[in-house]
Amino acid sequence: MPRAQFVAVFLVLGSAANAQMADPGAPAPSGGSAPAELSSGSGMLSALDGDAGTNASMGQPPWTIQPRIMLTETLTDNVRVNGSNGRQADQITEIAPGIRIQASSARLKGHFDYSLRQQFYAQHPEYERTQNSLNSFATLEAVEQWLFVDFSGIVAQQPISAFGPQSPGNTSINSNVTETSTYRLSPYIRGQIAGVLGYSLRHDASTTRSASATATNLDLSQWSGQLSGGTPFQRLNWSIDGSQSSSEYGNGMQYDADRVRATASYLIFPDLRFSLNRGREANNYASANQESRGTHGFGFEWNPTERTTISASKERRFFGDGHNFSFSHRFPLSSISYTDTKDVSLLPNQFSRVGQNAAWDQAERECKLFTPDATQKEIEDCAIPRVSATQGSSDFLAARARLQRRQQLAVAIMGARNSLTLVAHRSESQSLQANDFLDETTPSSLIEQKGLSLSLSHRLSPITNLNLLASRQESIGNGDASATNTLYQLGLTSKLGSRTSGSLTARQSSFESQNAPRKEHAVIGTISFIY
């Protein structure tokens, strides 16, 4: 369907539904469930709505502004991760002012967290530099219960190549790491027509920019929509969804993809739903010209208990069989989760979902169990190292679309004074075009990354924690291409006052490859103050 017609259909439906909203007594859809966006809205919106309720119950204001400043001293015996100058010891001073703004008003919900790092090098002043760090997400309800706008942004240090060394810290001088930013604007509408037909229409526009000339930029634009409703059979529902997207890389690569799919779902039991789908897609991911192919698949969602969620889907796509499997279970003081996905990837996994994510939500839950009387800031300080340990593989900035399979197993165990998080991960990334060119960011057409990380926290006192982190990641490519990154870190964190906290960390990191092996030892001291 041409894009103009695709958008026009949903705009007509939206106008009709907007008039329907004038009748507040309109009945809810009979039988069937609304599409995913209608039933739960944006995943972040739902999470923030829950946070807003908590804030209201605790009497907290809808707006919270927390300026902060952090001072870090790093002593290292090898500040430069790569290069021909050999080992270079240095003492680095980092001053990082920052601010966090949390909004939980009736129409606007979200957060904005930004810090500016100014780094000074005592032995090598030519390395002096500034780094930005941003994590933000917000949802605005522009028209009550109909028009919404999501906007988000993230700025972080990102590896360029999978076979280059990973930086053990922000102060390391590493030509394989660059500052990358992704900003996204996504307006969407959702509603019901006559109380029986659900609809949604969303436009996503995002841009990714890198500070390195080696890495390429990326602009994404996508329209997506969905219609859904019930049938005379109470347990049988249907939905039709479609999307049109355009991806433009800075190196000249451009991908266009169109897709339409019809899905029928049947509620076998109150906690088990089975679905079948059939559709068609056209794209130029694997060829120079647009190629159209039929798709078909099946899936199920099962929630046997309030603490257990299992979902799986398999679909025949243009590249073969794609799938998405997830399992999670929460015990009273522990949790386990496993995910396995195979699909086309355009962005690194760190940038594919801006804002809070499942790893952050899980880390916050664990920290609340570990310290139930902690403030929100203390919970965040506890969650940050856990998220770092559970992010799995450090993805890289590929210069083209790729087929990626990702598997991750995460186990968290909480005790009275101890908490343990174990993460095992594996990913395969492959070029979709057989005659695709290779470059610095992707020197191999097939890249496998696998690794293991372990994070242990021991509470020495109500205000002091001892933390241990060990991680290892290996990247393997065609031929002899390989690289291994290993990190061991031991840290002590403590509250020094009502608004002040401090930490002392010792780390050992190593990078092993055929061309440039490297080792480093460092001691890092940090003091942070929240105004």
Side-chain angles (χ1 to χ4, degrees), residues 41-52 54-55 60-70 96-118 130-142 147-158 170 178-188 202-211 217-222 346-364 375-377 379-388 390-391 395 397 528 530-531:
S42 165
M44 174 52 63
L45 178 59
S46 300
L48 289 173
D49 281 338
D51 292 342
T54 302
N55 290 343
Q60 296 182 2
W63 287 88
T64 303
I65 302 177
Q66 287 186 325
R68 66 178 182 272
I69 188 167
M70 182 179 297
I99 187 170
R100 180 177 178 87
I101 303 174
Q102 187 86 26
S104 299
S105 62
R107 291 294 185 91
L108 179 64
K109 297 177 175 64
H111 69 272
F112 174 90
D113 194 299
Y114 173 78
S115 62
L116 178 67
R117 301 190 183 102
Q118 182 67 48
T130 300
Q131 291 180 344
N132 297 279
S133 177
L134 172 67
N135 190 327
S136 63
F137 187 97
T139 293
L140 172 67
E141 187 175 358
L147 174 60
F148 303 83
V149 182
D150 288 350
F151 36 94
S152 56
I154 185 170
V155 180
Q157 305 301 309
Q158 179 71 22
N170 292 320
T178 183
E179 185 169 286
T180 304
S181 60
T182 293
Y183 300 99
R184 170 177 169 259
L185 179 65
S186 179
Y188 62 97
R202 179 188 285 269
H203 177 64
D204 277 294
S206 69
T207 180
T208 299
R209 293 291 180 268
S210 172
N217 301 323
L218 174 62
D219 293 320
L220 295 174
S221 178
Q222 176 175 277
L346 296 172
L347 281 171
N349 63 291
Q350 287 92 333
F351 293 89
S352 59
R353 183 180 180 186
V354 180
Q356 288 179 326
N357 52 34
W360 181 267
D361 296 339
Q362 176 67 18
E364 279 200 334
T375 65
Q376 181 61 29
K377 176 57 180 173
I379 292 174
E380 292 176 2
D381 290 341
C382 167
I384 288 173
R386 297 173 188 275
V387 173
S388 300
T390 58
Q391 283 300 307
D395 210 348
L397 294 172
S528 60
I530 300 177
Y531 292 93

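Note that this is a predicted model, so its numbers are computed, not measured.
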Next item on the list: Using a 4.5 Å cut-off on heavy atoms from C-beta on, say whether the side chain of His111 contacts that of Asn135.
Entry: yes
Checklist line | Nearest heavy-atom neighbours spanning Ser186 and Asp204 | finding: OG-OD1, 2.9 Å
Notebook entry, point to check: Minimum heavy-atom separation for Leu108 to Ala138, with atom names?
Noted result: CD1-CB, 4.1 Å
Item checked: Those residues that, when tested against Ser133, pass side-chain contact (heavy atoms from CB on, under 4.5 Å) (two or more places apart) -> Ser115, Arg117
Notebook entry, point to check: In Å and rounded to the nearest 0.5 Å, what is the OG1 to CZ distance from Thr64 to Arg100?
Noted result: 9.5 Å
Item checked: Steps toward side-chain contact (heavy atoms from CB on, under 4.5 Å) verdict (Tyr183, Arg209) -> CA-CA 9 Å; Tyr183 300 99; Arg209 293 291 180 268; over 6 Å; no
Notebook entry, point to check: Nearest 0.5 Å, what's the OG1-CG distance between Thr180 and Leu218?
Noted result: 11.5 Å
Margin query: If only side-chain N and O atoms count, and only distance matters, is there a donor-acceptor pair under 3.5 Å linking Arg68 with Gln66?
Written below: no
Note to self: If we ignore hydrogens and angles and just use 3.5 Å, is the side chain of His203 paired with the main-chain N or O of Tyr188 as donor and acceptor?
What the structure shows: no
Margin query: I need the Thr139 OG1 to Arg107 CZ distance, nearest 0.5 Å.
Written below: 13.5 Å
Note to self: For Ile99, give me all partners under side-chain contact (heavy atoms from CB on, under 4.5 Å), at least two apart in sequence or on another chain.
What the structure shows: Ile65, Ile101, Phe112
Next item on the list: Output, in order, the C-alpha distance, side-chain angles, deciding distance and verdict of salt bridge (Lys or Arg N to Asp or Glu O under 4.0 Å) for Lys109 and Asp150.
Entry: CA-CA 10 Å; Lys109 297 177 175 64; Asp150 288 350; over 6 Å; no
Notebook entry, point to check: Which value, rounded to the nearest 0.5 Å, describes the distance between Ile154 atom CD1 and Thr208 atom OG1?
Noted result: 10.0 Å
Checklist line | side-chain contact (heavy atoms from CB on, under 4.5 Å) against Asn132, all qualifying residues, sequence neighbours excluded | finding: Tyr114, Leu116, Val155, Glu179
Notebook entry, point to check: Tyr531 and Ile69: side-chain contact (heavy atoms from CB on, under 4.5 Å), yes or no, with the steps?
Noted result: CA-CA 8 Å; Tyr531 292 93; Ile69 188 167; 3.8 Å; yes
